[in-house]
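Here the structure is laid out as structure tokens; the discussion comes afterwards.
Small disclaimer: the values here were computed from a predicted structure and weren't measured. Start at 1 and go down the list; that is how both ligands and their atoms are numbered.
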Amino acid sequence: IQRWHTSQIMLTKLYDVQNDHFNVLDNYANLETKRLEELKNYVAAVYEWRDNIKTKKQFLHDHMDVFKVMTQMLQHYFQIDDLIKNKKSLEAFKDIDEHKDLSGEHIVLLAHRALRRLQLFYAIPASDMSAGRFNEKVIGDRMDACECCVMAKYCLEGNDPYGVLDWAVEAYGKWESEGRPECVDPDILNYYIVSSSVYTGFNFMNLIILSGPNYQEYTEKFERYYRLMKNELFELEKESTTDIMEVYEYSIGHGYMKDFRNLCKHGVSRTLTKYSKCRYQTNNLFYRILMPFKEEDINSEPLIKIYHDVLYDDEILKIKTLALENMKDATVKSVDGKGDSLIEKTRSGQVYWISKVDAVEYLDALDTRIESFTGFSTKTAEQYQIVNYGLGGHYLPHHDSFAKAILTDVQNDGYTSFPLLNIIAPAEKGAALVWNNLHMSNGQKFYESLHGSCPLLKGNKWIMTRWLYEEGQHLPYDWKNNVQII
Ligand SMILES: O=C(O)CCC(=O)C(=O)O
Ligand SMILES: [Fe+2]
């Protein structure tokens, strides 16, 4: 299976694996030191033995002595041979291979792909990304010349010439300004720049030769590539051929993708109007009067609401602990409905479906809470799904069935974006974002409920989703015989 996530789970595992590796190495070094010490002591003992014999007067004169000496020498030989060859210490390495898939180069490749995806989605030039900035926000540490060079290298391997150019030019600048560090080979950088320039069309000679009668066309082309060289790469992103770009290519055909990107890019811009309301909600439930929900209106058609503080910190901790052991790469239902597939461009993150065998009794209480604020039954709902989005983790806009509640915990901007409504909802720890995906009057798809998760620029986003279904609800329409008019 090709893996592509950079979720916190994966990174935690990776960290643990590396820790294990170093424990093994430490163990090996100790065993080896002990072995060499034994060897040294043994050699010293043999020297002593030899000196002893030498000082004897009748050194090797009678047959018995000769026999004794020969026997002892043979013993020494075996003993030394054993100490040299029998490296018990090597056994320390025996279980290191199990974790092989979490070590090695492809891990860097995953992080590289996530960065490229973020760059392309949010249009962040390498110069900004390597400065750790975006939209005047700090998104990370500065990257140095060596790291920029690694980015260029993976772009090259991934057939991503725009990326090569962007990162190699960046690496070159840094290489100069950082006192020419050795980790960067300027010849290689030069090769990166020249080859990708040719690939992307930035080729002076070609330009001149080909110009002729088509001068106009090539001048335009030249101008475009000149801008490219000046870091206006993202004006041209449509032209790239890499699979990472599929995220973007996919989006071109859909008008809403532009809105999705803009919403994600500019963050929360919820402006309060006279229709924005929030209230304590009890739903006329006796026990809720003591502890009402804090309900906030986000949208009316379709209904979108946030309920604050519905999931408690200790529950979040328990849920995360349970999930941590079991998370798998996220899949999405394939178009033909026949199964699940791993599609990085659609969704990237790790998920876990809580099942009955987990016997999580505190989720019953949560069900009661969800039922009381949504007014719907959870009896027919899907199992709870836990998702962890890491660096660049995202979920492209899509529709879901019926109603849905997501409970979140994020350390940073993890937005759920509704591109057709121009609404973006911030994820907030312990809060539930709830909305209707169908028209409540007739069960038809609420086209405007289209939503997705913005690619995560920083931190981690955890959500737990509960999809509710029509079955078992009191609805004014006959859902069983409903035909969707799309
Ligand atoms: O992560 C999000 O913000 C949205 C998740 C979502 O749409 C889903 O799980 O169906
Ligand atoms: Fe969804």
Side-chain angles (χ1 to χ4, degrees), residues 5-9 117 121 254 256-257 259-261 263-265 267-268 270 298-299 302-307 311 316 319-320 323 327-335 340-354 370 374 381-421 423-438 445-469:
H5 52 80
T6 47
S7 69
Q8 190 188 13
I9 315 293
R117 216 173 36 242
F121 186 86
H254 301 79
Y256 59 74
M257 277 304 293
D259 301 320
F260 178 63
R261 294 175 82 221
L263 278 169
C264 292
K265 199 165 167 174
V268 171
R270 264 189 301 159
I298 301 290
N299 194 55
L303 205 67
I304 307 178
K305 287 175 186 285
I306 293 181
Y307 294 91
L311 197 59
I316 292 177
I319 291 165
K320 274 190 183 175
M327 306 284 280
K328 296 261 160 50
D329 292 350
T331 56
V332 284
K333 289 237 154 43
S334 58
V335 184
D340 293 345
S341 48
L342 268 170
I343 314 174
E344 176 182 13
K345 68 180 177 195
T346 312
R347 185 178 205 187
S348 93
Q350 285 215 305
V351 304
Y352 177 60
W353 293 92
I354 295 186
I370 292 177
T374 60
E382 294 257 14
Q383 303 290 349
Y384 281 100
Q385 188 194 45
I386 300 166
V387 187
N388 174 225
Y389 299 97
L391 174 69
H394 70 133
Y395 197 169
L396 283 196
H398 60 279
H399 285 99
D400 292 320
S401 46
F402 203 58
K404 134 136 173 193
I406 53 180
L407 304 128
T408 51
D409 170 20
V410 279
Q411 283 118 36
N412 259 291
D413 320 335
Y415 301 124
T416 306
S417 155
F418 295 81
L420 300 181
L421 299 168
I423 283 175
I424 188 160
E428 171 198 299
K429 190 171 183 181
L433 181 65
V434 182
W435 70 90
N436 290 343
N437 291 289
L438 305 181
K445 183 196 272 181
F446 229 130
Y447 193 64
E448 291 78 3
S449 71
L450 185 86
H451 61 276
S453 177
C454 294
L456 206 59
L457 270 167
K458 191 171 158 68
N460 257 280
K461 173 176 174 181
W462 283 84
I463 61 166
M464 183 161 76
T465 316
R466 190 77 155 141
W467 284 277
L468 309 181
Y469 284 117

N/O separation below 3.5 Å, [X] to ligand 1:
| X | value |
| --- | --- |
| His451 | yes |
| Tyr395 | no |
| Asp400 | yes |
| Tyr389 | yes |

*Part of Val387 with heavy atoms under 4.0 Å of ligand 1, whether side chain, backbone, both or neither*: neither
*By atom name, which N, O or S atom belonging to His451 lies closest to the Fe ion (ligand 2)?*
NE2
*Which N, O or S atom name in Asp400 marks its closest approach to the Fe ion (ligand 2)?*
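Restricting Asp400 to its N, O and S atoms, the minimum distance to the Fe ion (ligand 2) goes to OD2.
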*Worked check of ring-ring contact (aromatic ring centres under 6.0 Å, His included) between Phe260 and Phe121*: CA-CA 10 Å; Phe260 178 63; Phe121 186 86; 5.6 Å; yes
*Any N, O or S atom of His398 closer than 2.8 Å to the Fe ion (ligand 2)*: yes
Do [X] and [Y] come close enough that some side-chain heavy atom pair is under 4.5 Å?
| X | Y | result |
| --- | --- | --- |
| Pro397 | Leu420 | no |
| Ile370 | Tyr384 | yes |
| Ser453 | Lys461 | yes |
| Glu382 | Thr465 | no |

*Which of the atoms of ligand 1 are close to Lys461, meaning less than 4.0 Å from one of its heavy atoms?*
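Answer for ligand 1: 1 (O), 2 (C), 3 (O).
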*State the atoms of ligand 1, each with its element, that fall below the 4.0 Å cut-off from a heavy-atom position in Trp467.*
8 (C), 9 (O), 10 (O)
*Do me a favour and list the nearest non-hydrogen protein atom to atom 3 (O) of ligand 1 with residue, atom name and distance?*
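Checking every protein heavy atom, the shortest distance to atom 3 (O) of ligand 1 gives Thr416 OG1, 2.6 Å.
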*Identify the protein heavy atom lying closest to atom 8 (C) of ligand 1, giving its residue, its atom name and the separation to 0.1 Å.*
Lys404 NZ, 2.6 Å
*Dump the intermediate steps for side-chain contact (heavy atoms from CB on, under 4.5 Å) on His451 and Asn437, then the final yes or no.*
CA-CA 10 Å; His451 61 276; Asn437 291 289; 3.8 Å; yes
*With His399 as reference, evaluate Tyr256, Tyr447, Phe418, Trp467 under the ring pair (Phe, Tyr, Trp, His ring centres under 6.0 Å) test and give the passing residue.*
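For His399, the ring pair (Phe, Tyr, Trp, His ring centres under 6.0 Å) test succeeds with only one of Tyr256, Tyr447, Phe418, Trp467, which is Tyr447.
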*Nearest 0.5 Å, what's the OG-CD1 distance between Ser449 and Ile304?*
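Answer for the OG-CD1 pair, Ser449 versus Ile304, is 8.0 Å.
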